[in-house]
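In what follows, every chain begins at residue 1, and chains take the letters A, B, ... in the order their sequences are listed.
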2 protein chains.
Amino acid sequence: MAAEKVYRASTTAPVNIAVVKYWGKRDAKLNLPTNSSLSVTLSQSDLRTLTTASCSASYPASEGDSLILNGEAADVAGARTQACFRELRARRAALEAADPSLPKLSVLPVRLVSENNFPTAAGLASSAAGFAALVRAIADLYELPASPSELSLIARQGSGSACRSLFGGYVAWRMGDAADGSDSLADQVAEASHWPEMRAVVLVVSAAKKGVSSTSGMQQTVATSGLFQERITNVVPRNMEAMEKAIKERDFAAFAEVTMRDSNSFHATCADTYPPIFYMNDVSRAAIRAVEAINTAAGRTVAAYTFDAGPNAVIYYLEKETEAVVGTLYRTLGEIDGWKAVTTQSLNSSVSLDEGIAGILKAGVSRVIMTGVGEGPIKTEEYLVAEDGSPVKR
Amino acid sequence: MAAEKVYRASTTAPVNIAVVKYWGKRDAKLNLPTNSSLSVTLSQSDLRTLTTASCSASYPASEGDSLILNGEAADVAGARTQACFRELRARRAALEAADPSLPKLSVLPVRLVSENNFPTAAGLASSAAGFAALVRAIADLYELPASPSELSLIARQGSGSACRSLFGGYVAWRMGDAADGSDSLADQVAEASHWPEMRAVVLVVSAAKKGVSSTSGMQQTVATSGLFQERITNVVPRNMEAMEKAIKERDFAAFAEVTMRDSNSFHATCADTYPPIFYMNDVSRAAIRAVEAINTAAGRTVAAYTFDAGPNAVIYYLEKETEAVVGTLYRTLGEIDGWKAVTTQSLNSSVSLDEGIAGILKAGVSRVIMTGVGEGPIKTEEYLVAEDGSPVKR
């Protein structure tokens, strides 16, 4: 075959966990939300997607665009993925039209290979990192002069929360009000370096079975919850304002209260959906009681829980409170996987949880993930597509 | 001792289970609610309190008012109970002032003996039946010419939901707006005979431990839930109107939907409380899924769940749907106590529940109570205080 050049670009992208939740679409096709949201980007050394985008005239046109995810062929025909390809190609085509010397990459099939460094079993929303990496990698492949906010507009169409994974640190997704979604994008509230002490421990809870998908769940909530309008009209705007202030002032107690209240409010609107949607289970609720016990013992707020569309508990805390927070959880869950060095001191200073709560956690938490605030997508020379265009075996 | 006459009056009073929930006080002292509520009075052959009120000049004044509940001396010093005594005595005193020939009962100590015909362990709100019986029995002892609605004003001060147990059938508690609570009382939406086919099966769920008391829980919700105002301002008024219409028209599908939506909305505001309040557990949620499965299998709404401030599921259905509803529950929970005759036909026509749901119910439901809509308080000649004033041993 012709030794056509294989163009490649590789990037990693992070997971983000919202502290003011996205729940509800005002436009399902464009993924336009009913409310703004705000998240913390988590460190890619613990949780990240690595994606290599490549294209070449040597790729048979018949093959079309393709994606290999965690070693298996994945579907790219979905409207969400297609929208991302379309938007990125259009921007590349515009560059090529303006500068005829550029190679015509926009007409070539794109071959994507992607890997997560965390078990999908963890039930952590990997779509955010996945679409952020896909969009960032193709934008790099196409050498688009697009800012992270511009790319967030594209990633948003792949998976709403993906738009927040184009940035590191503390990230807001502004809902916007334009019908075409042109102002519904992410911006950075603060760099990770502004408040680098933020840590998170994830209690992975084995769910009996996957609940309602968030895509259909949020639409059912919008359509049937009598309390939902109050959340998006008054509760979330208040929480967004208070959260941005808490982050700017590095006020953990305020950050924690808004985080816990917003998680409660989000799951309340799920429970008010008809029929009701329940993502949290008795193990999730035991995790809430554990956080309350940790804060009570400390005499101040040192830990904050939040739950996405599943039973896993994400617990935020500051590095200096590792002993009070991680020590207490380790004391109960020390036998499961995922712990990083826990000092004896932390065990001494830890709280002993109520037996009932400890028992429920022991029985229901399958592993922990310890991480913290981190950076946005990072360009890398590590390629999952070889120079000849073949997927790298590993 | 002097053979002074012992005056006695005995009554039974029913339990009621709300289909539009009371949650929130605008005045804690007077038990004035933040919203109206509506309940179904349950049959006293299954669930009732029997109370005998007595008074006599032979009772030592030093003894004061007393209450023996289920064989044990109970406290009557509480402000709630004292308010009921005060209100009833004032009305008796007015009668005595107007007619000097009447015996001066208002100055005598009251001796009350009370019994429930259901296990307190069942965790069913017995305070409603208890205060309704107490007020009704003393009113009869004093021969007050008061209507059930007038007495509901008094019972309300003992326990809010008790005001609804002064009536049988379908009962509304109108929140009223007077500061002194004079218009916050119960009235009957429909007699039991208007829609006598209403049945209820209670799945008694053994809770790990008693959650937040409803009295303190509802005040925490009023104070901290960002969604609560929407519930009392818009959701409940809509539900009250729709529920009264459904009852008047004997429209079970409408009755069921409002019942389930209002239970969801109430528990949603509990989950939105800070810190969150959870009365339902995984067993309660499995009961919801079971009801949904029963309705799906029937192709129409034949069952409706509702949950009070605890994990027990109360499932309403119409007598003609016993096979579809009770048959299915019996098929899963047949080994526990409380079933009334279940026909083989009902077992044949029953639905087989998802294994996960069936397993959770089997492990978590300790007994069932089968009952239905019933009458209000009934005067009886069965006395728990003997003619000589001594408590009847049984």
Side-chain angles (χ1 to χ4, degrees), chain A residues 207-209 211 221 224-239 256-286 288-289 291-293 295-296 301 305 307 311 354-357 359-360 364, chain B residues 207-209 211 221 224-239 256-286 288-289 291-293 295-296 301 305 307 311 354-357 359-360 364:
Chain A
K209 63 175 179 179
T221 301
T224 65
S225 167
L227 303 175
F228 181 69
Q229 278 302 323
E230 181 67 15
R231 167 169 167 79
I232 64 174
T233 308
N234 296 313
V235 175
V236 170
R238 273 201 308 271
N239 288 349
E257 179 168 342
V258 177
T259 296
M260 294 186 279
R261 283 179 177 270
D262 194 78
S263 178
N264 295 344
S265 168
F266 152 49
H267 289 281
T269 62
C270 291
D272 185 50
T273 302
Y274 186 74
I277 298 168
F278 303 112
Y279 288 118
M280 293 165 61
N281 59 25
D282 286 350
V283 182
S284 312
R285 276 177 291 285
I288 287 180
R289 299 314 176 206
V291 166
E292 291 170 354
N295 288 334
T296 301
T301 310
Y305 58 78
F307 298 82
D354 166 275
E355 276 188 16
I357 290 169
I360 295 169
Chain B
K209 64 176 181 179
T221 301
T224 67
S225 168
L227 303 175
F228 182 70
Q229 278 301 323
E230 181 65 14
R231 167 169 167 78
I232 64 175
T233 308
N234 296 312
V235 175
V236 170
R238 273 200 307 272
N239 288 349
E257 180 168 342
V258 177
T259 295
M260 294 186 279
R261 282 179 178 271
D262 194 78
S263 178
N264 295 344
S265 167
F266 153 49
H267 288 281
T269 62
C270 290
D272 186 51
T273 302
Y274 187 75
I277 299 169
F278 303 113
Y279 289 118
M280 293 164 62
N281 60 24
D282 287 349
V283 182
S284 312
R285 276 177 291 283
I288 287 179
R289 299 312 176 207
V291 166
E292 291 171 354
N295 289 334
T296 301
T301 309
Y305 58 78
F307 298 82
D354 165 276
E355 275 189 14
I357 291 169
I360 296 170

task: Considering non-hydrogen atoms only, spot the tightest contact between Ala271(A) and Asn264(B) and give its length.
output: O-CB, 3.3 Å
By salt bridge (Lys or Arg N to Asp or Glu O under 4.0 Å) - contacts of Arg289(B) (at least two apart): Glu292(B)
- prompt: Is the backbone N or O of Pro275(B) less than 3.5 Å from a side-chain atom of Arg261(A), with the two atoms forming a donor-acceptor pair by type?
  reply: no
message: Report which part of Thr224(B) has an atom under 4.5 Å of a heavy atom belonging to chain A: side chain, backbone, both, or neither.
response: both
query: Quick one: of Ser265(A), Gly356(A), Ser225(A), who has the most non-hydrogen atom pairs under 4.5 Å with chain B?
result: Ser265(A)
message: Can you list the residues of residues 231-239 of chain B that sit under 4.5 Å from chain A, counting heavy atoms only?
response: Arg231(B), Val235(B), Arg238(B)
field: Contact origin within Glu257(B) toward chain A - heavy atom pairs under 4.5 Å
entry: both
query: Ser263(A) versus chain B, heavy atoms under 4.5 Å apart: side chain, backbone, both or neither?
result: neither
- prompt: Taking atom CG of Asp282(A) and atom CG of Asn281(B), what is their separation to the nearest 0.5 Å?
  reply: 5.0 Å
Between His267(B), Met260(B), Met280(B), Glu230(B), the one whose heavy-atom pairs under 4.5 Å with chain A are most numerous: Glu230(B)
query: What closest approach, in Å, do Thr269(A) and Leu227(B) show between heavy atoms, and which atom pair accounts for it?
result: CG2-CD1, 4.1 Å
- prompt: So, does Asp272(B) use its side chain to make a donor-acceptor pair with the main chain of Ala268(A) at under 3.5 Å?
  reply: no
- request: Answer whether the closest heavy-atom distance between the side chains of Ser284(A) and Phe278(B) falls below 4.5 Å.
  value: no
